[in-house]
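In what follows, a single structure is set out as structure tokens and then discussed.
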Amino acid sequence: MSVRAVLVGMPGVGKSTVGKLLAKELGVPFADSDDLVEKHAGKKIPEIFAESGEKVFRTLEADVIEHSLINFHGVLSLGGGAVLNSETRKRLRRHPVFLIEASLDVLTKRITNSRTVRPLLVHNPRASLEKLSRERNHLYRSVARETVHSDGGAPIRVVRKIMRLLPQE
Ligand SMILES: Nc1ncnc2c1ncn2[C@@H]1O[C@H](COP(=O)(O)OP(=O)(O)OP(=O)(O)O)[C@@H](O)[C@H]1O
Ligand SMILES: O=C(O)C1=C[C@@H](O)[C@@H](O)[C@H](O)C1
Ligand SMILES: [Mg+2]
């Protein structure tokens, strides 16, 4: 057994929302690298960024992902910047990784309406998202086996698209 599906993509694209629903549909557990980092550190992500900096956060993030890819057998959603780590990208090659994509307009709306604090997107979310997508799109694509779009429609529609593409167990 190994992880059933890993979800990657830009912040706010819906990895956590879709991941939870997908796990429910498949009847398997759900985990999110952001939650695992917070549990491990005993602090919220904005506190980790403020007190220890992004570099420390990225190390914790890579560690929990490494551990989960070995020990976790459900649906795993990754933080938006997890693919920045080259070791993580290498580890992801062995797993069914799904990239969720959405337009900049949709991402900006979702981030602006979301209650989650994302330290890299606090100031001028649209410009920050644009910069992150320029820096990251090639990295997301390099790890993804399949890409699904999430511009319109409810999260369950994205779940159904992923289910059709999942390798049979
Ligand atoms: N298909 C969708 N349609 C409309 N809103 C959505 C959809 N998917 C997610 N959302 C909303 O967008 C916001 C961001 O979603 P979510 O937290 O799941 O993104 P994420 O990809 O996990 O972000 P992060 O990289 O920061 O962890 C939430 O408020 C969520 O309710
Ligand atoms: O895109 C990013 O770099 C981030 C996304 C979130 O999921 C968190 O992992 C954190 O806020 C950083
Ligand atoms: Mg998330």
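Counting convention: from 1, in listed order, for ligands and their atoms alike. The shown structure was predicted, so the numbers you read here are calculated from the model rather than taken from an experiment.
Among Arg110, Lys20, His149, the residue whose heavy atom sits closest to atom 3 (N) of ligand 1 is Arg110. Comparing Ser114, Gly14, Gly80 against atom 29 (O) of ligand 1, the shortest heavy-atom distance belongs to Ser114. The option from Arg58, Glu135, Lys15 that lies nearest to atom 3 (O) of ligand 2, judged by heavy atoms, is Arg58. Between the choices Arg118, Lys15, Lys109, the shortest heavy-atom distance to atom 17 (O) of ligand 1 belongs to Arg118.
At a threshold of 2.8 Å, the Mg ion (ligand 3) has a backbone or side-chain N, O or S atom of Ser16 nearer than that distance.
For the side chain to side chain contact (heavy atoms under 4.5 Å, CB included) with Pro125, the qualifying choice from Ile111, Leu120, Leu107 is Ile111, the only one to do so.
For Arg110 and Ser150, the side-chain atoms include at least one donor-acceptor pair closer than 3.5 Å.
Not a single heavy atom of Gly9 lies less than 4.0 angstrom from ligand 1. Within the 4.0 Å heavy-atom cutoff, Ser150 counts among the residues contacting ligand 1.
Among all heavy-atom pairs drawn from Leu7 and Lys15, the shortest one is CD1-O, 3.6 Å. Taking both residues in full, the closest heavy atoms of Val6 and His95 are given as CG2-CB, 4.3 Å, listed atom of the first, atom of the second, then distance. Ala41 and Leu60 make their closest contact through CB-CD1, 4.1 Å (heavy atoms, listed as atom of the first residue, atom of the second, distance).
Counting protein heavy atoms only, atom 5 (C) of ligand 2 is closest to Gly80 N, 3.4 Å. Of the protein's non-hydrogen atoms, the one nearest atom 1 (O) of ligand 2 is Arg136 NH1, 2.7 Å.
For ligand 2, the atoms lying closer than 4.0 Å to a non-hydrogen atom of Pro119 are 11 (O). Taking a cut-off of under 4.0 Å to the non-hydrogen atoms of Gly79, the atoms of ligand 2 that pass are 7 (O), 9 (O). Interface atoms of ligand 2 facing Phe57, defined by a heavy-atom separation under 4.0 Å, are 9 (O). Ligand 2 places these atoms under 4.0 Å from at least one heavy atom of Asp34: 6 (C), 7 (O), 8 (C), 9 (O).
Between Leu120 and ligand 2, not a single N/O pair is under 3.5 Å apart. Considering both main-chain and side-chain atoms, Arg118 never comes within under 3.5 Å of ligand 2 through any nitrogen or oxygen pair.
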